[in-house]
Each structure stands twice: as structure tokens, then as C-alpha cells.
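Proteins get letters first, then strands, A, B, ... in listed order; numbering begins at 1 in each.
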Amino acid sequence: MIRTISELEQFRSNLSAKKDSARPCVVVCTGASCQALGATGVIGALRKELEKHRLANAVDIKEAGCLGFCNRGPLAVVHPGELCYLGLTPDDAPEIVSQTLKGKLVERLTYFDSATGKNIPHLPDIPFYKAQTRILSGNNAKISPWSIDDYISSGGYSALAKAFSMTPEAVLSEIKKSNLRGRGGGGFPTGRKWETARNAAEPTKYVIVNAHEGEPAAFMDRSILTGNPHSVLEGLIIGAYAISASRGFIYIRHDSLRLSDIVANAVQQARDYGFLGENILSSGFDFKLELHKDIGIFVSGESSALMTAIEGRVPEPRPKYIRTSVSGIWGKPSNLNNVETWANVPLIINKGAEWYASIGTEGSKGTKLISLSGNITNAGVIEVPLGTSLRDIVYRIGGGVDNGKKLKAVHIGGPLGGSIPDKLLDTPLDFDELSKIGAPMGAGGITVMDESICMVDMAKYFLDFLSGESCGKCVPCREGLKQMRKILDKIIKGKGSEQDLKLLLEIAEVTRDASLCALGRTATNPVLSTLRYFKNEYEAHINEKRCLGGGHHQVTKE
Amino acid sequence: MEMQPLLDKYQAQPNALIQILLEIQHERCWLSREMLVELSERLNIPLNRIYHIATFHKAMSLVPTARHIISVCMGTSCYVRGAPIVLEEVQKLTGLKPEETDSEFRFSLETFNCPGTCPVGPVMIIDGNHYTNVQVSRIEGILANYR
């Protein structure tokens, strides 16, 4: 149990004194994709190899969270030197161990750069990483998600200590000055939300981590929680202090045991170390935290629905004439932020609002994690300063389309986002700029689509998903989505008319304007954006009975 | 399944209902009417409220499932990377449509959205085993591992 700030600093310096930085360390990524590709087997083989040669003390093997280069996994980073090995199999273990001990490189496992025809051994030099700014995710390669000591030795919980030396008002004003905006989708100013909760009259207040991450093709929140869970906890405790909330909830996916194990373990460690509980670091501040598993439906990530789920009821949204930050769980002020938003908080407190606000654009500060996937060469979790152009993301980092085909569209923001054509790729990654072109950033999923994809089919795909996930409480969303789906189905089957396009637009506008919650209000984005930028595909289906895509089409045609 | 330890764990608080249902689902793979009736009596929650929740959530099943559950990801990235063709092949090989179970209880087929492994899609999960970059030609061989 760490009782005071000076005990924390003492503990930290003890940890660094114990650390032998000269000892080689193989850090293996255990993010979701690397696991799926067999990272566990690689780790097992490395351990076995060390045991076989009685070298267990000569090389450290560390299981790290997501390192980002997901489709090239399982990957490992070897220290010293930050050497990056890709596409590992258990058979590579002997060579990695023997070469690492000699301080040598296994060149065949390093990144091959086709542009220069050379191998690039050092992780920071690989083009995929070079173009990123990994202030939130960079630590993943240094720490094990299971170890609070790792987090502390890399500076963890120092922001909490700093926050306790400030007044709650000063913490709040720092967050406001940083212009941090919510990363979950809305982009609402975090400081203002905190202030509303803080100023609410009711004295009992709650804070919540929204780790629902229910949209397909978004996996960055999971990469933070399974990579660096304490960064989220630290942010949450700081937020609770600023808002003066005494109880918090983490609303987490039910379907990944590993994710909930890592988070539950982190919460328990934080309790054991005294960062949760009573009189944290002798500040006089008390804070309790509990985990709550979601129930696998997209709409339960909506803030008011999520809060009813925590109360134990069916997660249907309610109209938000009164914000949840004033009346949320059990009618108490409840401040909900997304995983990534909370993870930004310790950085802002540690380095200051001015530093933070120096990254990004006028209206969108800091960096953003992006889940980059689809038909793309380098897929994974990337982190870039807001303001980076989509073209840089897709081409400089993503390496363009992976299968030799041409790029047709880039879909941003998941099922509630929009698809844009190549010619708009110079748009910066910015909350407001992306909304203007009808492709709001959402939580930061970017799916690249090649020329074989039919955009009418994609619009229907998103509506299929959303009508299944809509709670059905309000008519515009429930019926609007269903009717739009019917029309799209008709068009895809070649039975559509020009009149259908008008009707489609009309229903989309009504659904957008009249739905109860953000799901219905933004569910029309895929339809509206494809009508805006890919109208020729609709027209080809209607007038020429021809599909301008290909690939997956026969499935919906039947 | 012994109900008592679960009720103790959540201290029989009515607002723990969803968590209790999830645990039963996880343990037993489905929720039988008898269990729901027992829960209703012991938690003093009307049965219709329990059914409201149990039928609302996809994570909960009111029918028994087979020995092996094939889950084909239909998330956006998997979809553009060929998930529809994968699903079609699985349907052809098993004779099942999504949400169906065969009469021998060998396979249940379901589609789902996104385990977060989009970069390595199309993804298929059978009994927790993750298959990545699934190609249609591999599927028959994969299914043969599950008897």
C-alpha cells in the first residue's frame, strides 16, 4: 500500500534501481490480432528455448499489449536497440534467442521496405511507425498490461500525484484549457462535460469509462485497455477528483475474457496499491470503482442507455433534455467518457494544457488513435496528431490498397460515419472538417475499400447492422432504417427507380431529424454520404441494371 | 447449475440481474425457462422483466446450442475482405443458416460483429479458436476438426 506521494516516488526510484537496462528483453505483442495469429505459441516457444539452455535469467520475455502493426503479427520488439520482428512463428524462437544473446539481428524477420529494397530493423524507422506520433500508445512496448509496477516505473500515477497537489477546480480548468474533445464519437468538449457534472446540485456523483466499443472495425479502445489499462484508471481517478465523484464504473465488453481479466486485474492492483479506496495518497479523496459487463448490443454504448444497463435495466436510450452529466445513473450526475478520452487526461495533467494544445488543429487538439483496416496493406491501430490528412493515413502509414486494385472509398467513423471518394482524401483528420464532408470521425475507425466494393451494398450493409442494433423504442429509427433497407435491397436487385432515390433521401432526412438518440440521428450518414459521392453507383443499378462494384455482390443478389 | 454462489456474488441485488444472466449464459451457453423462473423467484423480479432483458440481448440465448459454435465475423473490415463469401461456404458445408443448430447438435452457426481483429480478417471463431485471413478453400478442412 502506497500511502503518500513521497512513498510513491520512493517506490518508483526503487523500481528503477532494480531494473537492469543492459539485459536484453524480447517484448511480444499480445494484442487481439497477434493473439489470433498465434502470439501465445511464440511466447511459449521463446520461454521453452530459454529454459532449454538455462538462460531464463539472461533474457527477459515480456508480454505487451497491442503494438499496432496488427496484420503483420505476431510481432516482437527486442531491446536494446528496438529491433522489430514481424510475422513470427514458434519455429523462429531458437534463432531469436541465440542472436539476441550475441547482440545480433535476425534480418529475415525484419521489415522489408519494397520502396528501397532494403530491410529496416529498427521499429521507429519503419514507415508505418515513422509517420505516427504515439504519445498514448507508445508506452505499450515498454510495459506489461498485467503489471502496475511497469506502469509506475514508466512514470505512471505521477499525474495523479500532481493532480492531488492542485485543487479540483485547477485540474478542471487545465482540462478545459487543453481543449480535449470526447473520443467516443460526439467530440464534445471534455472539460465542459466535467464542469456540468461538477456543478450539478446533487452531491453524489459518478464517473464512467465507456469501453463498450460496439462498432465493427473499431478496436483502438481495446488496444488501450489491453495495452496500458492503468493509463485509463489514472485518468478516471483524476477526473473523479476534479468532478468530486466518489464512485466509478467501467462498462466493458462481455465477449473478451482477456480484456476483462486485464482490466479486473488492473483495478485490483490499483486497490492494493492504494490508488483506489479511501484517502488516496493521503489526499482525503475517496474513490470506489467497479466493472460492469455490457450485453452485446450496439445501442447500449449510447450514454443514457449504458447508464440504464448499469442500473440493471434494458438499455434503451432516453431523450436527453436533461444531460446525463446532470441526471444519469439512479438520477445522479454521471460523467461518461470514452476510454481514449480518459487515457489523455494523465498526459495533460503531467505535461500541461499548453503542451497538449500545441498538438493538433485549431478545433481538434491532441492525437487520435485510428483503427485502420479493410483493403489496406498495413492494417492496425495507429496514432496520429489530429490534422493529419486522410491521404497520409491511407498511403504513408497504411501503404495503400493491398491487393493491386484501385481505391474506391474510405469509410470513416463506423456504421454512423460516411464514405468518401479518393478526391477528398486531403481533408484533415479533424472533428469539424470531417463532419462537414458528411463523414464524422466517430470513434476513429477507418475502413479502406477497393474498387470491387459496391457502395450501394455497403450502404445496405450498414443499415442491416444498425436496424439489428437499434433498440426499437422510437419509430423514426426503427421504421426509417427498415424502409431504407427495403429500398436499397430493391435497387441492388435492379428493380429500383429514380423515384426510389428521392424517397430514400426523404426518409433519411426524417430519420436524421426525428430520432430519439444519436444512433438514429446519425444512422443515415452511410446512405447520405454514398448518395452524395457515389450517386453514379445507385444510378447504374437503376438505369443500367449494372453494378459498378463486383466482388461480394452475388450474395445480396440471391 | 448452482444458483446460490452467483446470488451471493452479486449479493442478490436486483440491479445485478444482467450480470447474473450473463454468467449463466457463459457457463451453460443458454438460459432455460426453469432457471429464469428460479431467478425471478429468488430475486423477486417479475418474470416478464427477466424475459425483456433475455430476449433483448444477443449475448443471451433461450434455446440450447450445439457442441461447436461457428461464429463468422460480419464486421465492416471482414465484410470488405470477403466475409460474405466465407459465410456462404460455411452455410453450404453445414446446411445451416445463421442462428440455426443442426439436428445432431454438432454445429450452431452464428454471425457476429467484430472481435477487434479486423486487420487479419475475414475472421471465423469456432469454440474460441480464432481463424484469420480465412480463405474459402480452407474452410472444409477447418470444420473437419470439429466432430
Which one of Ser256(A), Ala218(A), Gly414(A), Cys471(A) has the most heavy-atom pairs closer than 4.5 Å to chain B?
-> Cys471(A)
Winner by heavy-atom pair count (cut-off under 4.5 Å) against chain B, out of Met449(A), Met458(A), Glu215(A) | Met458(A)
Return the option, out of Gly374(A), Ala32(A), Gly73(A), with the maximum number of heavy-atom pairs under 4.5 Å with chain B.
-> Gly374(A)
Which answer fits Ile53(B), side chain, backbone, both or neither, if we ask what part of it has an atom under 4.5 Å from a heavy atom of chain A?
-> both
Could you give me the CA-CA distance, side-chain angles and deciding distance for Asn113(B) and Tyr79(B), then say whether side chain to side chain donor-acceptor pair (under 3.5 Å) is met?
-> CA-CA 10 Å; Asn113(B) 274 298; Tyr79(B) 190 81; over 6 Å; no
Thr132(B) versus chain A, heavy atoms under 4.5 Å apart: side chain, backbone, both or neither?
-> side chain
Heavy-atom proximity to chain B below 4.5 Å, by part of Pro415(A) | neither
Cation-pi, Phe219(A) ring and Arg222(A) (6.0 angstrom, 45 degrees) | no
Would you please indicate yes or no on a ring centroid separation below 6.0 angstrom for His411(A) and Phe462(A)?
-> yes
Please look at Asp294(A) and chain B and tell me whether the side chain, the backbone, both or neither of the residue comes under 4.5 angstrom of a heavy atom of that chain.
-> backbone
Take Leu62(B) and Tyr51(B) through the test side-chain contact (heavy atoms from CB on, under 4.5 Å) and record every step on the way to the result.
-> CA-CA 9 Å; Leu62(B) 295 170; Tyr51(B) 266 96; 4.1 Å; yes
Tell me, with the steps shown, if Gln35(A) and His130(B) meet side chain to side chain donor-acceptor pair (under 3.5 Å).
-> CA-CA 9 Å; Gln35(A) 288 256 312; His130(B) 229 104; over 6 Å; no
Give, as side chain, backbone, both or neither, the part of Arg313(A) having an atom under 4.5 angstrom from any heavy atom of chain B.
-> both
Could you tell me whether Asn145(B) atom CG has more than 12 heavy atoms of other residues or ligands within 6.0 Å of it?
-> yes
Chain B contact via Val381(A) - side chain, backbone, both or neither, heavy atoms under 4.5 Å | neither
Most contacts with chain B, counted as non-hydrogen pairs under 4.5 angstrom, among His254(A), Glu213(A), Met220(A) = His254(A)
How long is the span from the CD atom in Glu23(B) to the CD1 atom in Ile20(B), to the nearest 0.5 Å?
-> 8.0 Å
Name, in order of residue number, those residues of residues 98-112 of chain B that have a heavy atom at a distance of less than 4.5 Å from a heavy atom in chain A; otherwise write 'none'.
-> none
What part of Leu259(A) gets closer than 4.5 Å to chain B, counting heavy atoms only: side chain, backbone, both or neither?
-> neither
Side-chain contact, heavy-atom cut-off 4.5 Å: Asp402(A) with Asn378(A)?
-> no
Using 30° and 60° as the class limits, which term best fits the ring planes of His292(A) and Tyr251(A): parallel, tilted or perpendicular?
-> parallel
Taking side chain as C-beta onward, heavy atoms only, is Cys73(B) less than 4.5 Å from Ile125(B)?
-> no
Validation row: Leu43(B), Leu7(B) side chains within 4.5 angstrom (heavy atoms) | yes
With sequence neighbours left out, what residues match Ser77(B) under side-chain hydrogen bond (donor to acceptor under 3.5 Å, both in side chains)?
-> Ser373(A)
Separation between OG of Ser137(B) and CD1 of Ile142(B), rounded to the nearest 0.5 Å | 9.0 Å
Which region of Cys34(A), side chain (C-beta onward) or backbone (N, CA, C, O), has a non-hydrogen atom less than 4.5 Å from a non-hydrogen atom of chain B, or is it both or neither?
-> neither
Heaviest contributor of heavy-atom pairs below 4.5 Å to chain A, chosen from Gly121(B), Cys114(B), Gly128(B), is Cys114(B)
Chain B contacts, top residue of Val314(A), Asn375(A), Asn71(A) (heavy-atom pairs, under 4.5 Å) = Val314(A)
